[in-house]
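Residue numbers begin at 1 in each chain, while the letters A, B, ... track the order of the sequences.
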Protein chains: 2
Amino acid sequence: MDGIGDVFLADCPARLAVEVIADKWAVVVLWGLSEGPRRHGELVALIGGISKKVLTQTLRRLQTNGLVTRTEYGGVPPRVDYDLTPLGKTLMEPIRLLTTWAADNGEAVLAAQESA
Amino acid sequence: MDGIGDVFLADCPARLAVEVIADKWAVVVLWGLSEGPRRHGELVALIGGISKKVLTQTLRRLQTNGLVTRTEYGGVPPRVDYDLTPLGKTLMEPIRLLTTWAADNGEAVLAAQESA
DNA sequence: CGGTATCCTTTTAGATACTG
DNA sequence: CAGTATCTAAAAGGATACCG
């Protein structure tokens with residue numbers, strides 16, 4: 001994927017939005033964190049269908065973008081919590097609108113797909 | 001990518017939202033159509049950085065999802081207009097919120113990336 | 001438990017050239 | 001003008017096994 005500092009980004013905020021949310025799991029993972037901190041294993045179970053590896057990758061990317069924190073509590077077995085940053089929380093409202101849209105219009109999209 | 005009818009979709013609207021918008025260009029192209037119908041070539045120029053091939057692919061996908069119409073006017077040279085469907089227009093409000101978020105918080109994301 | 005490492009397949013994107 | 005065809009490279013995703 002192109003870097004975030006690329007030439008077109010400055011011209012269009014849509015570019016940055018895409019950069020942040022346009023992968024298969026980012027929105028779903030953020031969604032999974034919307035009600036409070038979660039452990040790695042919790043997220044795997046909560047989300048369903050995501051592998052540990054991909055979840056870790058996705059979380060790392062969200063961390064890099066400043067949307068998620070990773071808190072390591074020592075001990076054996078290890079415990080790691082992920083949580084939204086304040087910045088991450090500001091993204092939840094747009095995401096909520098998006099998922100509301102999906103809930104309301106999913107049927108219509110499905111119907112369009114089937115008739116195509 | 002997994003089909004939209006997959007097992008997890010029914011459980012979580014976020015899944016459908018992702019299915020629709022989680023590719024590099026979908027949101028940008030929808031954004032490009034937000035002010036009215038556009039021709040293929042117009043979109044290439046307006047968006048910048050997208051190839052004809054990828055634009056066509058993206059538009060086809062949006063069509064399949066019932067978000068965009070393709071209208072062919074006969075003649076030589078050919079003319080084809082793309083426009084949002086009513087369903088597509090309902091997606092613009094969530095997208096607008098998302099791009100507003102990006103405009104407001106882009107700096108913060110950039111800063112997080114650089115310190116990482 | 002929360003990862004990595006490895007390997008593999010699929011998907012996406014981009015460049016270029018060609019066509020009706 | 002609006003594509004399609006071909007080829008290539010890069011990224012994402014997934015399965016499995018192993019590690020501290």
Roughly how many Å is it from [atom1] in [X] to [atom2] in [N], rounded to a whole number?
| X | N | atom1 | atom2 | value |
| --- | --- | --- | --- | --- |
| Asp23(B) | dA12(D) | CG | C1' | 13 Å |
| Leu59(B) | dA13(C) | CG | P | 13 Å |
| Leu46(A) | dG2(C) | CG | C1' | 17 Å |
| Gln57(B) | dT6(D) | CD | C1' | 13 Å |
| Leu55(A) | dG3(C) | CG | C1' | 10 Å |
| His40(B) | dC1(D) | NE2 | P | 12 Å |
| Ile47(A) | dG13(D) | CD1 | C1' | 14 Å |

Output all residues satisfying salt bridge (Lys or Arg N to Asp or Glu O under 4.0 Å) with [X], sequence neighbours left out; order by chain, then residue number.
| X | result |
| --- | --- |
| Arg60(B) | none |
| Glu107(A) | none |
| Arg38(B) | Glu42(B) |
| Glu35(B) | none |

Partner residues of Thr90(A) under the side chain to side chain donor-acceptor pair (under 3.5 Å) criterion, sequence neighbours left out: Trp101(B)
Pairing residues for Glu72(B) by the side chain to side chain donor-acceptor pair (under 3.5 Å) criterion, not counting sequence neighbours: Arg70(B)
Pairwise distance CD1(Ile21(B)) to CG(Leu98(A)) - rounded to 0.5 angstrom: 4.5 Å
Between N or O atoms, less than 3.5 Å apart, protein on one side and nucleotides 4-7 of chain C on the other: list the pairs.
| unit_1 | atom_1 | unit_2 | atom_2 | d |
| --- | --- | --- | --- | --- |
| dT4(C) | OP1 | Arg60(A) | NH2 | 3.0 |

Phosphate OP1/OP2 of dA2(D) contacted by Arg39(B) side-chain N/O (<4.0 Å): yes
dT11(C) phosphate, OP1 or OP2, under 4.0 Å from Trp25(B) side-chain N/O: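 Indeed not, no polar side-chain atom of Trp25(B) lies that close.
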Of all pairs that satisfy salt bridge (charged side-chain N to carboxylate O under 4.0 Å, His left out), the ones with a partner from residues 81-90 of chain A, not counting sequence neighbours: Arg79(A)-Asp81(A)
Helix axis bend for the helix from dC1(C)-dG20(D) to dG20(C)-dC1(D) - C1'-based end axes, five pairs, 10° rounding: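 That helix has its two terminal axes inclined by roughly 50°.
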Heavy-atom donor-acceptor pair, Asn105(A) side chain to Ala108(A) backbone, under 3.5 Å: no
Leu97(A): hydrophobic cluster co-members (side-chain, 4.5 Å):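 Leu97(A) clusters with Leu97(B).
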Counterpart residues, side-chain contact (heavy atoms from CB on, under 4.5 Å), relative to Val44(B) (two or more places apart): His40(B), Lys52(B), Leu55(B)
Strand contacts (DNA chain C) in residues 68-83 of chain B, 4.0 angstrom heavy-atom criterion: Pro78(B)
